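We number each residue from 1, following the sequence as shown. Keep in mind the model is a prediction, meaning the values are calculated, not measured.
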Amino acid sequence: MISKLLKMLFEQNKKEIGFDSNINCDDKHKLKDGEKINIRTPEIDGYDNLKLTKWFVKNEDFVYHGMIICELSNKHITFENETFYSGNIELVATMDKYLETGDIIFKLHG
């Protein structure tokens, strides 16, 4: 019963969390015009065969520092990948395909 209640609360909060396009983006995290950055699959000791299991954004969306972008998982671990920069996103990795360490997941453009 407690787990059902927690799940219900979590789902409710998840729906309420959003990003307003009028938010002033913190300049220290925003990529400058023409600047590009590649976000790659992390190296996690003992956890290979990662798959991209979910996108939380659409291609070419403007994303903000701290936004959850995607979910990566394998048979041992599932984690969300957030961005540390703000800019327009280009989705590169394909859903449900295995990723090698260092593969590009997405790109950000200023």
Side-chain angles (χ1 to χ4, degrees):
M1 181 167 167
I2 291 174
S3 63
K4 187 175 181 180
L5 177 62
L6 289 173
K7 184 176 181 182
M8 186 173 72
L9 288 171
F10 177 76
E11 288 300 318
Q12 181 179 1
N13 286 339
K14 194 173 180 181
K15 290 177 186 172
E16 291 173 4
I17 296 172
F19 288 88
D20 184 352
S21 61
N22 295 322
I23 291 175
N24 286 331
C25 184
D26 185 356
D27 283 340
K28 71 179 182 178
H29 296 112
K30 186 175 181 182
L31 295 176
K32 294 180 180 23
D33 286 342
E35 190 175 7
K36 296 178 185 178
I37 195 163
N38 296 328
I39 307 302
R40 299 178 181 273
T41 308
E43 180 178 348
I44 304 173
D45 289 339
Y47 295 106
D48 52 355
N49 295 327
L50 289 173
K51 276 187 184 180
L52 172 67
T53 53
K54 187 172 189 177
W55 285 113
F56 293 102
V57 297
K58 291 182 239 153
N59 199 36
E60 299 183 10
D61 279 354
F62 188 87
V63 297
Y64 299 92
H65 165 76
M67 278 182 76
I68 303 299
I69 304 300
C70 63
E71 180 179 86
L72 300 172
S73 66
N74 67 12
K75 64 182 178 180
H76 302 289
I77 188 172
T78 297
F79 64 95
E80 295 173 332
N81 194 343
E82 70 179 86
T83 180
F84 296 102
Y85 302 97
S86 300
N88 291 89
I89 192 164
E90 177 186 341
L91 308 181
V92 176
T94 306
M95 290 280 292
D96 295 321
K97 297 236 178 168
Y98 288 105
L99 301 168
E100 304 266 335
T101 298
D103 283 352
I104 297 173
I105 304 170
F106 59 91
K107 297 179 182 184
L108 291 174
H109 303 272

**Prompt:** Does some side-chain heavy atom of Asn88 sit less than 4.5 Å from a side-chain heavy atom of Leu108?
**Reply:** no
**Student check: side-chain heavy atoms of Thr78 and Glu71 closer than 4.5 Å** = yes
**Fill in**
Rounded to the nearest 0.5 Å, the OH atom of Tyr64 sits from the NE2 atom of His29 at a distance of 14.5 Å
**Request:** Could you tell me whether the side chain of Ile105 reaches within less than 4.5 Å of the side chain of Asn81, counting heavy atoms only?
**Result:** yes
**Mutual orientation of the aromatic rings belonging to Phe84 and His65 [parallel < 30°, tilted 30-60°, perpendicular > 60°]** = tilted
**Request:** Can you measure from CG (Asn49) to OG (Ser73) and round to the nearest 0.5 angstrom?
**Result:** 11.0 Å
**Request:** Mind checking side-chain contact (heavy atoms from CB on, under 4.5 Å) for Asn59 and listing every partner two or more places apart, or none if nothing turns up?
**Result:** Glu90, Leu91
**Asked** Taking atom CG of Asn38 and atom CD1 of Ile104, what is their separation to the nearest 0.5 Å?
**Response** 4.0 Å
**Message:** Would the distance check show the side chain of Asn74 and the main-chain N or O of His76 forming a donor-acceptor pair, the cut-off being under 3.5 Å?
**Reply:** yes
**Request:** Report yes if the side chains of Tyr98 and Lys51 come closer than 4.5 Å at any heavy-atom pair, otherwise no.
**Result:** yes
**Qualifying residues under side-chain contact (heavy atoms from CB on, under 4.5 Å), relative to Phe79, sequence neighbours excluded** = Pro42, Ile44, Leu50, Leu72, Ile77
**Prompt:** For Phe106, does the CZ atom sit with more than 12 other heavy atoms under 6.0 Å from it, leaving out its own atoms?
**Reply:** yes
**Fill in**
When rounded to the nearest 0.5 Å, the distance separating CG of Leu31 from NZ of Lys36 is 11.5 Å
**Prompt:** Can you list the steps and then say if Val63 with Ile69 is a side chain to side chain contact (heavy atoms under 4.5 Å, CB included)?
**Reply:** CA-CA 8 Å; Val63 297; Ile69 304 300; 3.8 Å; yes
**Asked** Got Ile89 and Lys107 here, is their nearest side-chain heavy-atom distance under 4.5 Å?
**Response** no
**Request:** Starting at OG of Ser86, measure out to CZ of Phe62 and round the result to the nearest 0.5 Å.
**Result:** 5.0 Å
**Message:** I want to check something: taking the side chain as every heavy atom from C-beta on, are Ile37 and Glu35 in contact at a cut-off of under 4.5 Å?
**Reply:** no
**Asked** Do the side chains of Met67 and Phe56 get nearer than 4.5 Å, heavy atoms only?
**Response** no
**Prompt:** Partners of Asp103 by side-chain contact (heavy atoms from CB on, under 4.5 Å), sequence neighbours excluded?
**Reply:** Thr41, Leu99, Glu100
